[in-house]
**Student:** 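Pasting in a structure now, in structure tokens, and then I'll have a few things to ask.
The chain is numbered in sequence order, starting from 1. All values reported here derive from a predicted model rather than from experimental measurement.
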Amino acid sequence: MLALFAMARCGRVLMVPCRTVRRKSSVLYSLFSGFCNSADLPELPDWFRYPQGEQNFVDSDDDFVLPTKLEFLEDSGCSLKAHDWRLDYRRGSYDIDDGDSDLDTICSILKSNFTSVEAVFQALNGFSVHVSDDLVDKILKRFSDDWSRSFGFFMWADTQVGYEHSPHSYDMMVDILGKLKQFNVMWRLVDEMVRLGGLVSLATMTKVMRRLARAGRWNDAIRTFHRIESFGVKKDTIAMNVLLDTLCKERSVEHARDAFLELRIEVWPNASSFNTLIHGWCKARKLEEARRAMEEMREFGFSPCVITYTSLIEAYCLEKNFRMVDAILDEMRVHGCQPNIVTYTIIMHSLGKAKEIQEALMIYDKMKTDGCAPDTSFYNSLIYILGKAGRSRDTNGIYEEMCKNGISPDVTTFNTLISAACDHSQEENALKLLFSMQEVHCKPNIETYTPLLKLCCKQKWVKILMYLLGHMFKKDISLDLSTYSLLVHGLCRNGKVDQSCLFFEEMVLKGFIPKQHTYNILIKELKRKNMESLKVKIQQLMLQAESMKLSNLHAVNKDDIE
């Protein structure tokens, strides 16, 4: 027998075998309503992604030359020979020890073109894979910029026998929907979590409030906090601090202040509440407001601490007012408050950015005199300063000292080293650093690859560019707006206008709004090459993106929370 699920807004019926659908799935599945007509986010066309002797991304007369100093890639099992890898950046062997055939099966299905979320669900039906929390988390990470694919997979996984979504998986899906501004769907999923019971936590509501605030919907974030108890989450000081921190980080300390003045009658603040507001005012460079908040902090019985003073120091560093930085340090000591490693890192980093290299390095000695031991962030900042100054030998020396002192490098350490290597055309060292991250189990992020991609565009290394994109995909790193813009610019300037257009199209279809500068570069090149049909298509895509932008602006002023 078949269970029939009517699709109200599209007039279609989805048929799912009863034995695969648990009771909660029928409710969860109702979230499909209204998706049948929604545009999907297709991948790059098959002729581009799966060249089989037809038109390839890298043509036979491609100007790519494998750098002579990259033989080490062969030794590490990362051969870049043309017959060893496919040009599809989402496919092929990239020396990633994945070993998960179920993951590969699901990914291969999700890379197809779909017309709706329902189509994703239908495409997955009938495939026999072992669904686990780990598999779901990996898929959601990999398709975190594709809400229709990730949500269709999420719905399908929920119908699999023997599997139930964990609270963490629900939170991931809520975050993806919020990130891509699918707020109606996000709220329906949260409501479903409430109905199922015990799934909504402060972590869930933190993601909701952060995504609303990031979209400029600050009042919606505040109203969410007011309703937080209806979701089964306690309205306490910790939750209030999350709201304040969210509003401050998303460029609205004024909203945070107003919310605080209203809430402090109901929820008693702590020192962190005031420190959050002070940091927000300092980030906004409104130091008089920060000082007033410090006085109010004292009135509530809390003494300013190293966090409070460090926020002020950071603000004066941003102004390059190092005389006031010294004055704040003196004030701290008068009040018996010693600077910590964060304080010293901020001062050193700011001096380095102001090209006061010697003064920055003197902070290291001053810190040691105060008995403050360096940590990973301090070393990262020191490497950044020396790297920007072109002192490559010194950066390597600091890295070695760091490891010798038992301080583990993190992704920022490698990102800083890779960026410095790329800035000084040390491509071999940059790529070696990327692969050495795997040896120390340090996962790269989008910032790891950006300087490498820039270098490939500059040097016209299209094959390595595609290799790196594949490496990113295998590491579950999604392309963001900046990366798409980089690819459009780089490929366009390297004469790969067709491929530049494809990335522009994928960028728009994934919900990103291209910058006018990116659009202008592409249109100018299309005009120069008399590629009229592609020019018209890009113009239409830009109109689509601008329409999306207007819809988002309209949504900011619309109250979607009942």
Side-chain angles (χ1 to χ4, degrees), residues 58 64-100 103-104 107 138 141-142 376 379-380 383-384 387 392-393 395-404 407-480 483 486-487 490:
V58 183
F64 169 82
V65 177
L66 188 68
T68 57
K69 294 185 179 180
L70 295 182
E71 291 86 0
F72 72 91
L73 289 174
E74 307 248 354
D75 298 334
S76 65
C78 300
S79 174
L80 294 179
K81 291 180 180 178
H83 66 271
D84 286 337
W85 58 285
R86 290 177 179 267
L87 301 176
D88 171 21
Y89 72 85
R90 301 180 182 277
R91 189 175 169 127
S93 175
Y94 300 103
D95 192 37
I96 309 299
D97 186 17
D98 209 293
D100 193 334
L103 177 67
D104 292 339
C107 286
K138 284 181 178 178
K141 282 179 185 177
R142 190 165 292 188
T376 302
Y379 277 120
N380 289 347
I383 289 169
Y384 171 84
S392 301
R393 185 175 297 177
T395 60
N396 293 333
I398 293 296
Y399 176 71
E400 289 172 7
E401 177 189 325
M402 180 181 182
C403 296
K404 191 183 295 181
I407 298 174
S408 300
D410 61 9
V411 65
T412 304
T413 314
F414 284 104
N415 290 356
T416 307
L417 289 166
I418 288 171
S419 181
C422 289
D423 285 345
H424 296 91
S425 300
Q426 298 171 1
E427 61 273 0
E428 179 182 3
N429 190 34
L431 286 166
K432 279 184 177 178
L433 284 163
L434 174 64
F435 289 103
S436 68
M437 292 179 74
Q438 191 166 315
E439 295 171 12
V440 295
H441 307 291
C442 181
K443 183 178 178 181
N445 58 23
I446 189 71
E447 287 79 19
T448 311
Y449 292 92
T450 301
L452 290 163
L453 296 175
K454 283 182 181 176
L455 182 63
C456 286
C457 290
K458 179 182 176 182
Q459 301 287 11
K460 299 184 179 181
W461 296 341
V462 180
K463 286 183 180 178
I464 289 186
L465 176 74
M466 297 305 292
Y467 174 88
L468 289 171
L469 289 170
H471 199 273
M472 289 171 65
F473 185 71
K474 280 289 189 178
K475 290 289 187 183
D476 300 323
I477 299 168
S478 301
L479 304 187
D480 59 9
T483 311
L486 167 64
L487 292 169

**Student:** Side-chain contact test, heavy atoms from C-beta onward, threshold under 4.5 Å: evaluate it for Leu103 versus Arg142 and give yes or no.
**Tutor:**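 Sidechains of Arg142 and Leu103: in contact.
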**Student:** Closest heavy-atom contact between Ala430 and Ile418?
**Tutor:**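 Nearest pair, atom of Ala430 first, then Ile418: O-CG1, 3.8 Å.
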**Student:** Within a strict 4.5 Å, meaning less than it, do heavy atoms of the Leu468 and Leu431 side chains meet?
**Tutor:**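 They are in contact (side-chain heavy atoms under 4.5 Å apart), so the answer is yes.
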**Student:** Test side chain to side chain contact (heavy atoms under 4.5 Å, CB included) on Cys422 and Leu452; report intermediate values, then the result.
**Tutor:** CA-CA 7 Å; Cys422 289; Leu452 290 163; 3.9 Å; yes
**Student:** Taking the side chain as C-beta and beyond, is there a heavy-atom pair between Tyr379 and Thr413 under 4.5 Å?
**Tutor:**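 SC-SC contact between Tyr379 and Thr413 ruled out.
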**Student:** Only one of Val440, Asn380, Asn415 forms a side-chain contact (heavy atoms from CB on, under 4.5 Å) with Asp410, so which one is it?
**Tutor:**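 Going through Val440, Asn380, Asn415 one by one, the side-chain contact (heavy atoms from CB on, under 4.5 Å) with Asp410 is satisfied by Asn380 alone.
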**Student:** Roughly how far, to the nearest 0.5 Å, is the CD1 atom of Ile398 from the SG atom of Cys403?
**Tutor:**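 That separation rounds to 11.5 Å.
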**Student:** Taking Thr376 for the side chain and Ile407 for the main chain, is one N or O donor matched with an acceptor at less than 3.5 Å?
**Tutor:**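 Not confirmed, Thr376 side chain does not pair with Ile407 backbone.
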**Student:** What closest approach, in Å, do Gly490 and Cys457 show between heavy atoms, and which atom pair accounts for it?
**Tutor:**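 Heavy atoms only, the tightest pair is CA-SG, 3.6 Å.
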**Student:** Contact between Phe414 and Ser436 at the side-chain level, heavy atoms closer than 4.5 Å - yes or no?
**Tutor:**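 Heavy-atom side-chain distance check passes, below 4.5 Å.
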**Student:** Which residue pairs pass the ring-ring contact (aromatic ring centres under 6.0 Å, His included) test with at least one member in residues 436-455, sequence neighbours excluded?
**Tutor:**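 Counting only pairs at least two positions apart or across chains, the ring-ring contact (aromatic ring centres under 6.0 Å, His included) contacts touching residues 436-455 are Tyr449-His471.
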**Student:** Evaluate side chain to side chain contact (heavy atoms under 4.5 Å, CB included) for Leu465 paired with Leu487, printing each intermediate quantity in order.
**Tutor:** CA-CA 9 Å; Leu465 176 74; Leu487 292 169; 3.8 Å; yes
**Student:** To the nearest 0.5 Å, tell me how far Lys432 NZ sits from Gln426 CD.
**Tutor:**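 These two atoms lie 11.5 Å from each other.
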**Student:** On a heavy-atom basis, which atom in Leu479 and which in Thr483 lie closest, and how many Å separate them?
**Tutor:**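 Looking at all heavy atoms of both residues, the shortest contact is CD2-CG2, 3.9 Å.
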**Student:** Side chain to side chain contact (heavy atoms under 4.5 Å, CB included) with Thr416: which residues, sequence neighbours excluded?
**Tutor:**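 With neighbours one apart ignored, the set is Ile383, Tyr384, Thr412.
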**Student:** Mind listing the closest non-hydrogen atom pair of Met402 and Pro409 along with its distance?
**Tutor:**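 Of all heavy-atom pairs spanning Met402 and Pro409, the closest is CE-CA, 3.6 Å.
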**Student:** Taking all non-hydrogen atoms of both residues, which atom of Met437 and which atom of Pro444 are closest, and how far apart?
**Tutor:**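 It is CE-CA, 3.5 Å.
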**Student:** Hey, what do you get for CD (Glu401) to CG (Asn396), rounding to the nearest 0.5 Å?
**Tutor:**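 That separation rounds to 13.0 Å.
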**Student:** What is the distance from atom CD of Glu447 to atom CG of Asp480, rounded to the nearest 0.5 Å?
**Tutor:**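 Reported to 0.5 Å precision, the distance equals 7.5 Å.
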**Student:** With heavy-atom distances below 4.5 Å as the criterion, would you say the side chains of Lys458 and Glu427 are in contact?
**Tutor:**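 Side-chain contact under 4.5 Å: no.
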**Student:** Do Lys443 and Val411 make a side-chain contact, defined as non-hydrogen atoms from C-beta onward lying under 4.5 Å apart?
**Tutor:**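 No, side chains not in contact.
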**Student:** Hey, could you give me each pair passing salt bridge (Lys or Arg N to Asp or Glu O under 4.0 Å) that has a residue in residues 413-423? Not counting sequence neighbours.
**Tutor:**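 Of all non-adjacent pairs touching residues 413-423, those that pass salt bridge (Lys or Arg N to Asp or Glu O under 4.0 Å) are Lys388-Asp423.
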**Student:** Side-chain contact, heavy-atom cut-off 4.5 Å: Ile477 with Thr448?
**Tutor:**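 They are not in side-chain contact.
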